[in-house]
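Accompanying notes for the structure given below.
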There are 2 protein chains.
Amino acid sequence: MNATAKRAGLTREKVLGAALELVDRDGIEKLSMRRLGAELGVEAMTLYHYVPHKAALLDGLVEQVVSAVRPDFDGSADEWPARLREFAVAFRDELLRHPGVIPLVATRPARSATALLAVEDAAAALGEAGIGPVQALRIVNAVSTLVIGHCLAEAATTPGHPEQPGDDLDLTAFPTLAAAVAGGLGSPADHQARFDLALDALLTGLQA
Amino acid sequence: MNATAKRAGLTREKVLGAALELVDRDGIEKLSMRRLGAELGVEAMTLYHYVPHKAALLDGLVEQVVSAVRPDFDGSADEWPARLREFAVAFRDELLRHPGVIPLVATRPARSATALLAVEDAAAALGEAGIGPVQALRIVNAVSTLVIGHCLAEAATTPGHPEQPGDDLDLTAFPTLAAAVAGGLGSPADHQARFDLALDALLTGLQA
DNA sequence: CTTGACTTTCTTACACCGTAAGGACAGAGT
DNA sequence: ACTCTGTCCTTACGGTGTAAGAAAGTCAAG
């Protein structure tokens, strides 16, 4: 009978979803309990019924993003470099879809079940190629770390700065650097190229 | 004549130095303008005469840390992989010496003159080996990114969490993972091994 | 010495943050 | 009808970064 229901009918999932939406739209620094509450038509303290503290909320953001990339490690055992490559590319795509979350992914280790499952799958696939469990996880870790590091540099949120004055640096003292910038360094295409270079090199070097 | 001088005689360098000390001792989340002021025997607002805003203070921390690693790229032109390796190891050592600053280094690009100079030197050295400026900078970037990524994972501060409950995860559903943990994964020695594995693989793969 | 300009420091204040404590109210089970 | 449980709000506390301006120290010129 009430047009405006007194109960908002929240769930942990709705809260996390709204948080991710807010971060994607306005950036992490705008994510506060009060603002998120307002987004959901609710007071700040209400959120504490679905999340124990803000840190858990941030963990939830990480969980959402890393869970969205579901790698597939089926196929013949000797194709693991190609599979790892696919995983890396998918992971990067997902991270770049949520730039505000990247620093969180980089900072807090994902311990959720789905994240562990993905790691387990990858390691098991490497195991079938005759690689021991410790080495397999090191390899998976190296690839993940590379992806995160590159996305971090690419999305460079640099929170707190009022403005980002483009490229007003004086490069006259750095000829090689200047030449590289003139050659297209820093462009979006260059980010892709940097990532591909590093990923290919890592995978190539890993086969030994 | 005054035992306690009314003027503290601060400088930007002293402020930055005290900030780094505070972060090394207590972690970033404890770095506030008021606390840093107290550390220097001064009110919070006084600091704003040496630093325009807190973001600049954080930039200063990054600058201090990255400036401390001064790579040497002299030597014959074909030794660049070994030089890059030395740089990577020195960079990592310096970062691990200041764990609280690692997330800052990962987030805000170092645009200081000394940082640019180091990059310039490295790129120039690669240039003597017949590598073009764009490719040279991509290589330097790949190595730096790898170092930052690995240090980020290794120092994993995970700010905000009350406690870090060790390894109480239930790994029974993840046999490969469990086997790897039993095999020593996660130990300090393993971090070193992970870094070495990734760095060697990257450098090997980069020679092509 | 006095004066006045300058730099450095402090005081006060504001808006915002995370969250502890407890009260108001709805719907379900007895 | 009555309590119970879960949802939501109100109030409050101590913390944050920082804007505005008053006060006090320093130093050179008159």
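In what follows, every chain begins at residue 1, and chains take the letters A, B, ... in the order their sequences are listed. Model, not experiment: these values are computed from the prediction. Atoms considered below: every heavy atom in the structure, side chains included; atoms not considered: hydrogens, waters and symmetry mates.
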task: Would you kindly give the CD-to-P distance between E29(A) and dC16(C), to the nearest whole Å?
output: 15 Å

query: Taking it one step at a time, do L10(B) and H49(B) satisfy side-chain contact (heavy atoms from CB on, under 4.5 Å)?
result: CA-CA 10 Å; L10(B) 295 184; H49(B) 274 254; over 6 Å; no

field: Euclidean distance, atom CD of residue E43(B) to atom P of dT16(D) [Å, nearest integer]
entry: 13 Å

query: In whole Å, what is the span from the CE atom of M45(A) to the P atom of dT10(D)?
result: 13 Å

- prompt: OP1 or OP2 of dC9(D) sitting under 4.0 Å from any side-chain N/O of T46(A)?
  reply: yes

message: Rounding to an integer number of Å, can you tell me how far M33(B) CE sits from dC14(C) P?
response: 21 Å

query: Can you name the one residue among T107(B), L152(B), I28(B) that meets side chain to side chain contact (heavy atoms under 4.5 Å, CB included) with I102(B)?
result: L152(B)

- request: Look at the aromatic rings of F195(B) and H150(B) and report parallel, tilted or perpendicular, splitting at 30° and 60°.
  value: perpendicular

- prompt: For the pair made of CG in L47(A) and P in dT10(D), what is the distance, rounded to whole Å?
  reply: 14 Å

- prompt: Looking at dC8(D), dT9(C), dT19(C), which one has an atom nearest to any side-chain atom of V42(B)?
  reply: dT9(C)

message: Could you check whether the side chain of R34(A) and the base of dG18(C) have a donor-acceptor pair of N or O atoms closer than 3.5 Å, going by distance alone?
response: yes

- line: Taken to the nearest whole Å, OH/Y48(A) to P/dC17(C) is 11 Å

- request: State whether R35(B) places a side-chain N or O below 4.0 Å from either non-bridging phosphate oxygen (OP1 or OP2) of dG15(D).
  value: no

query: Base, sugar-phosphate alone, or nothing: which one does G37(B) contact when heavy atoms must sit under 4.0 Å apart?
result: nothing

- prompt: In whole angstrom, what separates H53(A)'s NE2 from dC17(C)'s P?
  reply: 19 Å

- prompt: K54(A) has an atom NZ; how far is it from atom C1' of dA20(C), in whole Å?
  reply: 18 Å

Pair D26(A) + R35(A): basic N to acidic O under 4.0 Å: no

